[in-house]
Protein chains: 2
Amino acid sequence: MSPNWIEQFQGLASLDASIKSLMTQKSNIISYAKNSVIFGSGKAPDHFLLLLEGTVRVQQLSEAGREIVLYRVHAGQSCVLTTACLLAYEDYAAEGIAESEVKAMALPRVVFNQLIAQSDEFRRFVFSAYSRRMTDLFAVIEDIAFQRMDIRLAQKLLELVDEDAQIKSTHQKMAAELGSAREVISRLLQEFQRRNWIAQSRGTIKLLNRGEIKKLATTNS
Amino acid sequence: MSPNWIEQFQGLASLDASIKSLMTQKSNIISYAKNSVIFGSGKAPDHFLLLLEGTVRVQQLSEAGREIVLYRVHAGQSCVLTTACLLAYEDYAAEGIAESEVKAMALPRVVFNQLIAQSDEFRRFVFSAYSRRMTDLFAVIEDIAFQRMDIRLAQKLLELVDEDAQIKSTHQKMAAELGSAREVISRLLQEFQRRNWIAQSRGTIKLLNRGEIKKLATTNS
DNA sequence: CGCATTTTAGTAACAATGTCACAGAAGAAT
DNA sequence: ATTCTTCTGTGACATTGTTACTAAAATGCG
């Protein structure tokens with residue numbers, strides 16, 4: 001890894017050169033295969049993770065086997081839940097899954113502590129990351145509690161759509177994104193299809209009228 | 001305040017004497033009147049708060065004016081959201097309300113930073129507090145998304161009941177606790193009443209059969 | 001005190017979402 | 001081609017949320 005990977009991270013770029021070199025020297029790259037579990041269900045890495053490539057999906061599992069996606073960690077962001085595991089020795093109901101091949105810089109706990117102690121800047125970076133995730137969780141709570149499902153689904157479609165205007169996902173997975181039931185999602189997607197907003201085929205949803213979907217997604221918010 | 005207020009806080013008791021004296025000297029007591037807003041809607045205190053007496057209710061407001069209670073900060077705990085405001089300069093959709101007369105030790109930002117830098121112990125205390133709240137939020141999300149309302153209501157009744165087996169709250173406030181609607185709560189409470197689990201009068205709910213309520217509250221969990 | 005006002009609770013009809021129990025269709029595997 | 005698995009569609013029904021009211025209980029005031 002080139003030593004200037006740090007520059008990718010907003011909030012770390014302005015660190016002292018000495019701090020930067022400490023980070024670069026004491027860290028190493030970890031790779032995770034697609035769909036591998038990065039933390040959760042007992043296992044937690046003992047490093048502070050800074051994501052270089054790929055995406056980590058953080059999701060909650062209920063005992064009944066239902067799921068809901070909490071947020072995603074993208075390249076250039078840190079994974080605060082691993083930090084939490086690292087420092088607080090708590091275990092979580094949440095788990096982190098590599099959504100694609102993931103590469104991350106891993107800082108050993110000792111180095112992490114050293115940085116926190118030495119650098120005001122690094123400290124701010126870490127706390128900001130925490131705050132950001134808290135905010136994400138607040139948004140999730142507000143959505144689940146108060147937002148209509150058709151609006152949430154429209155938002156999710158826009159969030160997950162790829163460059164070909166498609167979403168490669170089953171109804172079941174979309175339901176897990178929103179913490180809903182498959183039948184509910186099928187019903188709503190069928191209504192969207194009836195309005196010619198989308199076209200469906202097994203495992204993929206194609207957006208035909210992004211304008212109308214966006215209009216629904218932004219009603220009352 | 002006697003200088004050994006620190007001992008109230010699990011996780012701070014084992015700090016070095018020098019650190020403790022720093023804390024005691026540089027902090028001062030802040031009081032909040034019942035129902036005053038401690039943070040939220042633009043205002044944030046510029047101090048790290050350690051609660052000595054009283055309870056702070058942290059809740060989320062939606063634009064539509066609906067509410068949901070996220071968690072409560074009790075005496076002996078710290079208020080991490082103010083920390084977050086302090087360090088990350090983000091503003092939140094959440095707000096903290098003094099549920100009773102509240103007394104707290106307030107550490108100025110500079111001292112907070114100093115402590116984080118100097119003390120491994122203090123650092124762990126702060127990160128633990130963050131983790132704890134994250135866990136609380138996960139629990140809230142799981143409840144809202146997957147749990148039946150009658151079960152959640154039963155749990156809430158047991159959580160809020162006082163030493164006289166009563167809850168002093170209106171249906172509206174109970175609905176806000178659970179992020180539901182007043183009518184829904186009225187309906188459920190009426191059913192509980194029909195089963196002789198509770199007695200109701202304007203503004204108070206009395207628990208008559210805690211056993212059955214607990215049985216419901218612990219179904220499938 | 002009696003009367004108006006405000007707050008709290010009850011009700012019914014309906015809409016939205018979740019659950020259950022299936023059936024059928026599309027791919028995958030053999 | 002046939003079986004098997006996964007994905008989607010469907011209808012009936014239960015739960016929760018919404019709307020639009022009414023009624024009852026506390027509060028305040030002349």
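In this structure, the side-chain contact (heavy atoms from CB on, under 4.5 Å) partners of Gln166(B), at least two apart in sequence or on a different chain, are Asp162(B), Asp164(B), Lys168(B), Lys206(B). Among residues two or more places apart in sequence or in another chain, the side-chain contact (heavy atoms from CB on, under 4.5 Å) test is passed with Ala75(A) by none. When the salt bridge (charged side-chain N to carboxylate O under 4.0 Å, His left out) test is applied to Glu191(A), the partners found at least two apart in sequence or on another chain are Arg194(A), Arg195(A). Residues forming a side-chain contact (heavy atoms from CB on, under 4.5 Å) with Ala106(B) (at least two apart in sequence, or on another chain): Asn28(B), Ile30(B), His47(B), Leu49(B). The side chain to side chain donor-acceptor pair (under 3.5 Å) test applied to Gln77(A) returns Arg133(A), not counting sequence neighbours. Phe138(A) meets the ring pair (Phe, Tyr, Trp, His ring centres under 6.0 Å) test with Tyr92(B); sequence neighbours excluded.
Contacts between residues 190-200 of chain A and DNA chain D, defined by a heavy-atom separation below 4.0 Å, involve Gln190(A), listed by number. Only at 4.0 angstrom or more do the heavy atoms of residues 167-178 of chain B sit from any atom of DNA chain D, so none qualifies.
Put simply, chain A comes within 4.0 Å of DNA chain C, heavy atom to any atom, from dA16(C) to dG27(C), going 5' to 3'.
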Item to check | Contact pattern, 5' to 3', of nucleotides 13-26 of chain D - B, S or - by protein heavy atom under 4.0 Å | outcome: --SBBBBB---BBS
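Pairs of residues two or more places apart, or lying in two chains, that qualify as salt bridge (Lys or Arg N to Asp or Glu O under 4.0 Å) and include a residue from residues 209-219 of chain A are Glu212(A)-Lys215(A). Within the structure, the ring pair (Phe, Tyr, Trp, His ring centres under 6.0 Å) test picks out the following pairs touching residues 185-214 of chain A (sequence neighbours left out): Phe192(A)-Trp197(A).
Judged by distance alone, the side chains of Gln59(B) and Glu95(B) do bring a donor and an acceptor atom under 3.5 Å apart.
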